[in-house]
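Down below is the structure, laid out as structure tokens.
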Amino acid sequence: MFGLTFLAVFALSALFYALARNKAAVLGGDTPRILHSRPNYHGFLAFLLSAIAGILVLLVVWVLWGAWIESRFIASILDAQPDLSPIEVELALSDARALSEGGIASRTDALREQVAREISGQTALHHYGTMILSLVAAAAAGLWCLRASHVGWRARNRSETIIRRLLALMAVIAVATTAGIVLSLIFETLNFFNNIDWQVHKFLFGTTWSPLSGVQEGKLDPDKVGAIPLFAGTLLITVIAMLVATPIGLFAAIYLSDFASAGVRAWAKPMLEILAGIPTVVYGFFAAITLAPFLRNTGESVGLSIASESALAAGVVMGIMIIPFISSLSDDVINAVPQSLRDGSYGLGATKAETIRQVVLPAALPGIVSAVLLGISRAVGETMIVVMAAGQGANLTANPLEAVTTVTVQIVMLITGDTEASTAAGPAFTLGFTLFCMTLLMNVVAQRIVRKYRELYD
Amino acid sequence: MLDDQKSMERVMADEDTKITAKGVDVFYGDTHAIKSVDVNIQNRAVTAFIGPSGCGKSTFLRCINRMNDTIDICRVTGDIHLDGQDIYARDVDPVQLRARVGMVFQKPNPFPKSIYDNVSYGPKIHGLAKNKAELDEIVEKSLRRAAIWDEVKDRLDAPGTGLSGGQQQRLCIGRAIATAPEVLLMDEPCSALDPIATAQVEELIDELRQDFTVVIVTHSMQQAARVSQKTAFFHLGNLVEYGETDKIFTNPEDPRTESYITGRIG
């Protein structure tokens, strides 16, 4: 119904577009240049005003009216059975809704049936009422615009102003969402620190991570929330991933930018970038099902005991995932090194290898460093691969053959576990916030380096 | 063929000839950029290539140290001999050739390294210095010859990219000299410079001919007249006229040369 109203408002606005445009064309007649704005803009302004008025009324009325009738239903449930708890009231309401739509309710009784009848009546009124109101609003705005337009009507300026404000609104939405997420992270983090009596050092430097064991009434034990094993695990896997990704990615980039013929480059570069398009969940089960058993069997044959969930398997696969980031970004910065520098070096009798090692790479180094840093922040935030392949136990070790856990894995465990959300959310949000700070820091450093690099050539 | 051989030998015998080109054609894909060019370049003199844009003078210059090898679609045919040796022969490594035939480019292109490292780059990769002291000496000598030593001697560790345009170009000349080449190719070395820096570089070029064979491509006919002893005029890929600079500018034989130097074509 909502969608239908939306479309109806749009169709009405389109009608006003045609009307306003037509009116302007008639006003212009044989001398269209006397019009301040071309007929298209007259139409466009009528369309914008009418659509905005209609959609605004639709949203506001829909939400407010909906909230108002819902409060009436709750009131009528409470009138009938004043001793119901809030959860039971909600259950009764959702049952009544299901009944009114012919669905299946958890229980059927007189109260629910009565409310269901009420809902059926009210809902129709709500839907049709909203539709009529928004169409009236759209029509009013459109008609006003149609009446007000004349030869000197500044339709172009007005519609451009409206568009500019709409664009600004979208930008505000994006920024406000980011700010909201960060604020909620900070709020939950402070909440968590309050829960462990502000013993922040025990979270940052403690070595035992078992936040939910023996939790009673949402009170956490500060001695069991030491995040060091998680950060150590994240660090270990990140190091392994970067050891795999940096050389392969960088050398692939050097090959593609300086050695490969145009033909090879044309298909190799897109192929490499397809690697970036593989969902990480696919990498995850590749690590868990293919690579980890392979490593374990290989290890056994040479007398090494490798856990079936190991930091090595997760790290190697994560490294493969990061290769395209490193190679693609490095390729861009290596290509950005001016040909004149290469010519200068060749002109002195340097070989290709000498030129790349002594001129091209040093010139591209800042960009390569920032590519690696971006790769690291991908590795630190990566979740699916480690959930499947790295293990869950908080195990403080530097041995890549053992199972370790990472910050992201523990967040998943906390949120998807069966502990009450309000208790589990604290540590999860805090870990998330720490992770956010780490990746933010790395991205800032990477961007600084890139900017410095740009200054060198421009 | 026999005649060619004979004339080539006669040229070899002439000690004053450094580079001999015979029947050189260059193609960029389907474009015929240089058409059967013959030229003998005199040892320890400055030879200027002049001509309108796109006439092939830079392309021909880049044939002399095989810089065109780095362009995939470029194909060179014909003979170019340096001291009697065919530089397009199968056993010639372009890398070694370029150590003997240095190049200075149109736009100053110092490496984003220190001034010292810019100059020591060539000597290092060719192993010209046994130790740090020798390397220091080469760097100083080269920078002195490039007439920039006094300006940079106190900041050899500063990046070469921080110098002014004229200083950068002289640094690039110093960098080319440091490799101890026999021939120095200059592709419009002053086109990115202001008149004062241009005058400094021109003065430098005039001095360099004591030790090097210099070939310079230029758009400025005044510059060609000022610095060169020999001038070659290229037009539409052909070498139209080649001779003593004085003669080319005062009494050209070909009507096209006359039109160009008097400003009617180009």
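Note on naming: letters A, B, ... go to the chains in the order of the sequence lines (proteins, then strands), and numbering restarts at 1 for each one.
- Applying a 4.5 Å heavy-atom cutoff, none of the residues of residues 132-141 of chain B approach chain A.
- B/Q85 places a side-chain heavy atom less than 4.5 Å from the side chain of B/R100.
- Proximity to chain A (any heavy atom under 4.5 Å) is shown, for B/K124, by neither the backbone nor the side chain.
- Here the options are B/V92, B/D93, B/L97, the test is side chain to side chain contact (heavy atoms under 4.5 Å, CB included), and the partner is B/V95; only B/D93 passes.
- At least one donor-acceptor pair under 3.5 Å links the side chain of A/T383 to the backbone N or O of A/G381.
- At least one side-chain heavy atom of B/K57 sits less than 4.5 Å from a side-chain heavy atom of B/H219.
- Using modelled atom types, no side-chain atom of B/R98 and backbone atom of A/G347 make a donor-acceptor pair closer than 3.5 Å.
- Inter-residue side-chain proximity for B/V46 and B/F212 is flagged as unmet; no heavy-atom pair is nearer than 4.5 Å.
- A donor atom on one side chain and an acceptor atom on the other are not found under 3.5 Å apart for B/S220 and B/T218.
- Neither the backbone nor the side chain of B/V104 comes within contact range of chain A; no heavy atom of the residue lies under 4.5 Å from a heavy atom of that chain.
- Using a 4.5 Å cut-off between heavy atoms, B/P110 contacts chain A through its backbone alone, with no side-chain atom that close.
- Counting only N and O atoms by type, the side chains of B/N68 and B/R62 include a donor and acceptor under 3.5 Å apart.
- Annotation: side chain to side chain contact (heavy atoms under 4.5 Å, CB included) contacts of A/F286 (sequence neighbours excluded): A/T290, A/V317.
- At a heavy-atom separation below 4.5 angstrom, chain A is approached by B/R175, B/A176, B/T179 within residues 171-186 of chain B.
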Do any side-chain atoms of residues 355-363 of chain A form donor-acceptor pairs under 3.5 angstrom with protein atoms, and if so which ones, sequence neighbours left out?
| residue | atom | partner | partner atom | Å |
| --- | --- | --- | --- | --- |
| A/T355 | OG1 | A/S345 | OG | 2.9 |
| A/T355 | OG1 | A/T351 | O | 2.7 |

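- In this structure, chain A has heavy atoms under 4.5 Å from both the backbone and the side chain of B/F111.
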